[in-house]
J.: 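One structure, as structure tokens, below. Some questions next.
All values below come from the heavy atoms of this structure, side chains included, with hydrogens, waters and symmetry mates left out.
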Amino acid sequence: MLLLLLVAASLADDEPEVPPEVAEEVDEVVEVQSASRSALPCRTALDRAALEALPARRPEEQPRAIPGFAVTNHLGHGSWNWSWHGFDAGHGRELETRVEGVPLNVSGHILGDGTADLAFLPRIVVDRIELCPTASRPGAGAWSTAGSLGYRVAMPHAGWLARVTTGTDGSGEIIVGWSPPRRTRETFVLFEADDGLGVGPDRRWRHLRLIGGVQGTLGELQASLLVALHDGAWDVPPEPRSRDLADEVLGFRESYRLWSGAAESRRLLVTGRVARLWLWGGLDVHAWVTATGTGLADNRTGFLDHPDQGDGTRTFQTTLDTGVRASLTGRRPWLSDEATFQGGVEVRGTSSEQDRTRVDLERQPGRVLFERSVGRTGIAAWGRARVGFFQRAAVEAGMHLAYDRLALRPDEDAATAIGEAFTWSPRATVVGTPIDGWTLHATYARAYRPPDPRRLLEPAGSGATVVDGLEARTVIDPVDLFALTLTAHGAWAEQEVVVDRLDDRVLSTAPTQRAGFEAALALRPFPGVRLQLEAAFADARRRDDGTLLPYVARTWFSVGLHADDRAVGPVRLTGSLRLEAIPRRPLPDGFTTGNIVALDLLARLRWKRWAFELAVDNLAPWDWTSEEFVHVSRWDPRAPVSPLPERHVVAGRPFALRLGVEVRL
């Protein structure tokens, strides 16, 4: 199939016109001079240059260059959590995540409702990341309660690329890619093999990724096709065995923390897009299909209930997701300085099959715990209008309507449980530039989570969760030497669903509120050199009793010194030294996590066709804990089940040094 992409590229016109911005995924760059052009609500865009200057190993880590966006990961490459605007978006939940317009959040995922899986995406092809505040992007729908995150992919350059990387964590990476000359960088094919042993009890990992795309013109149509294949696995050594527990080699705490487990992920993604352009607008039609298989095997606390058998589990899920999205855009410049109208519809269907079996500490299967199927149908329509005035102000208003139907069959004998929700989501943005170098933004939007499968078996538990969000932002950038950005935000949820994943049941719901602010100061003392100072605070609480929501990063700090592709004689240098700190986060029952402090280094030297890279994680290094598993309901083996959820919490990351060599032909 990937070979067909390249054949299609050769059949298309030699030098196609780069598609203009006719769809909501192809928003205008934030750095524009006119207030009317910057009226799009996407608050932050990271382009290729910004991403290449950031120390990051995976696509999930790249958004941490956004002020206030915290990224933590437990057990290395196996799992990750996002935290932003007071939302704990573990495994991508609470953030609508799309890659080239394809939605990734899945209903009823084994890692939690709304989980988004980015493991299939090679970091090197990420060309741009856009983050919008709560549901403000036109067309943003389910799981956009904290915001919407969009990834766009392309090759770094035309021609051949080969890259080899190795590290002190036993990691090795090989990348081979090609983009035909005289084509857009969206036409490419790339293969990546990524393997590593990890550090200490960190996860081993293995990934094979193959991705390719083609973009061109077919008469008056502009068309694109993207195909991605992925096979990945993670593992956690060392593995406590039954004999260790019987011989009392490991005590309660040690065996609890030194758990063993494994995960696997396989994905096929195919997405195509066709756009028809006219003088004052265009039509964009986008369709996709993804097939995913995800498995988890955990041996955690076998000595508690079944010392001879263990109480670990193995869960496997297969998911098929299909959808089509169409949007129509029109421009009417004679109405004002700029007027834009857009409307669209999206239909999406998801079907998942899950099974969970008991496994002992040797990972031998036992009895079947459950088998179930989850299906979701989503239909959405939206419209917006944007009008600019006198090059100094712009107003945008819109509405998003959605209908979601969720069906859960818990086993063969039980009747299918149905949950339905109709959601209307108004949104509005106002932007103005009182004077040159000073811009003001204000955004209101309503977002929602569709029904949670675990709630369907409860009385009156089938509705969606609605979140109203506000954001006000000012950007002061009068000269090239410095830029200051100040942001205040708030969000109010009608109910916060608390789930105990150990027993796979909903424990409680409550109304919640979030409020906070962010500040970012960028100094540019020399051309190509940036000093960035960033800080954020978020207060997330239940409204009924005022208790803090657990796991949310309340404060966040970052200091970074960056050199953006500077020419020094015959070579070009890119460098980054970044200090990030996340103080203690609250946990249930009054516990807190440890502090997260990491100093990361990236240095890249490019000479002619060659590039040499040095990257260091946790350069200091500070103390780190690769696993703080908070299965709160099992802290005390004699206590009854606690009304608290199971979650993983991580403090820091290990020291690791990596060297890479790249050649471009």
Side-chain angles (χ1 to χ4, degrees), residues 1-27 47-48 51 59 98-104 118-130 150-163 175-193 208-231 267-277 282-292 321-327 329 664-665:
M1 182 175 290
L2 292 173
L3 292 177
L4 293 177
L5 297 179
L6 301 180
V7 174
S10 64
L11 295 177
D13 294 339
D14 286 341
E15 295 183 2
E17 179 186 0
V18 177
E21 297 136 345
V22 299
E24 56 90 11
E25 287 87 4
V26 193
D27 288 333
D47 59 11
R48 168 71 68 173
L51 294 172
R98 294 176 181 255
V99 173
E100 288 296 325
V102 178
L104 301 183
L118 282 164
F120 73 95
L121 185 63
R123 177 184 60 87
I124 196 170
V125 301
V126 177
D127 196 61
R128 182 178 173 87
I129 297 177
E130 296 172 345
Y151 286 76
R152 292 172 58 185
V153 300
M155 277 286 285
H157 72 103
W160 285 96
L161 179 147
R163 180 184 178 94
I175 296 175
V176 178
W178 178 66
S179 179
R182 297 188 300 117
R183 304 294 306 173
T184 63
R185 292 185 295 111
E186 288 78 11
T187 299
F188 71 96
V189 61
L190 182 136
F191 170 77
E192 178 186 47
L208 298 175
R209 302 180 177 99
L210 183 63
I211 185 170
V214 60
Q215 185 180 90
T217 58
L218 300 173
E220 295 182 346
L221 297 178
Q222 295 180 344
S224 63
L225 178 67
L226 181 73
V227 179
L229 294 167
H230 170 249
D231 180 77
R267 177 185 289 264
L268 166 65
L269 180 150
V270 181
T271 177
R273 192 174 214 154
V274 177
R276 173 67 166 86
L277 307 178
L283 174 66
D284 191 332
V285 180
H286 181 202
W288 67 86
V289 57
T290 63
T292 307
D321 183 74
T322 59
V324 61
R325 181 184 183 98
S327 61
T329 300
R664 300 182 176 186
L665 302 175

J.: Could you work out, with salt bridge (charged side-chain N to carboxylate O under 4.0 Å, His left out) as the rule, every residue matching D127, not counting sequence neighbours?
T.: R48, R185
J.: Going by side chain to side chain contact (heavy atoms under 4.5 Å, CB included), name the residues that satisfy it together with P59, two or more places apart in sequence or in a different chain.
T.: Q62, L121, R123, V126, Y151
J.: Please examine the side chains of L161 and M155, heavy atoms only from C-beta on, and report whether any two atoms are closer than 4.5 Å.
T.: yes
J.: So which atom in P180 and which in A158 form the shortest heavy-atom distance, rounded to 0.1 Å?
T.: O-CB, 4.2 Å
J.: Checking F188 against R183 for the side chain to side chain contact (heavy atoms under 4.5 Å, CB included) test, could you report, in this order, the C-alpha distance in whole Å, the side-chain angles of both residues, the deciding distance, and whether it holds?
T.: CA-CA 9 Å; F188 71 96; R183 304 294 306 173; over 6 Å; no
J.: Supply the atom-to-atom distance R267 CZ to L104 CG, rounded to the nearest 0.5 angstrom.
T.: 5.5 Å
J.: Go through V102 and H286 one step at a time and tell me if the side chain to side chain contact (heavy atoms under 4.5 Å, CB included) criterion holds.
T.: CA-CA 9 Å; V102 178; H286 181 202; 4.1 Å; yes
J.: Between T329 and G282, is there a donor-acceptor pair closer than 3.5 Å when you use the side chain of the first and the backbone of the second?
T.: no
J.: Kindly give the heavy-atom pair with the smallest separation between A119 and R209, and that separation in Å.
T.: O-NE, 2.7 Å
J.: Any non-hydrogen side-chain atom of V176 less than 4.5 Å from a side-chain atom of W160?
T.: yes
J.: What are the two closest heavy atoms between A193 and L208, and how far apart are they?
T.: CB-CD2, 3.8 Å
J.: Apply the side chain to side chain contact (heavy atoms under 4.5 Å, CB included) test between F120 and each candidate in L229, L268, D231, V99; give the one that qualifies.
T.: V99
J.: Answer whether the closest heavy-atom distance between the side chains of V270 and L225 falls below 4.5 Å.
T.: yes
J.: How far apart are the closest heavy atoms of E186 and V153, and which atoms are they?
T.: CG-O, 3.9 Å
J.: At what distance, to the nearest 0.5 angstrom, does CG of D321 lie from OG1 of T292?
T.: 8.0 Å
J.: Minimum heavy-atom separation for S179 to H157, with atom names?
T.: CB-O, 3.7 Å
J.: R664 versus P156: any side-chain heavy-atom pair under 4.5 Å?
T.: yes
J.: Among I211, V227, V289, T290, which residue satisfies the side chain to side chain contact (heavy atoms under 4.5 Å, CB included) criterion with L269?
T.: T290
J.: Applying side chain to side chain contact (heavy atoms under 4.5 Å, CB included) to E192 and I124, what does each step give before you reach the verdict?
T.: CA-CA 10 Å; E192 178 186 47; I124 196 170; 5.7 Å; no
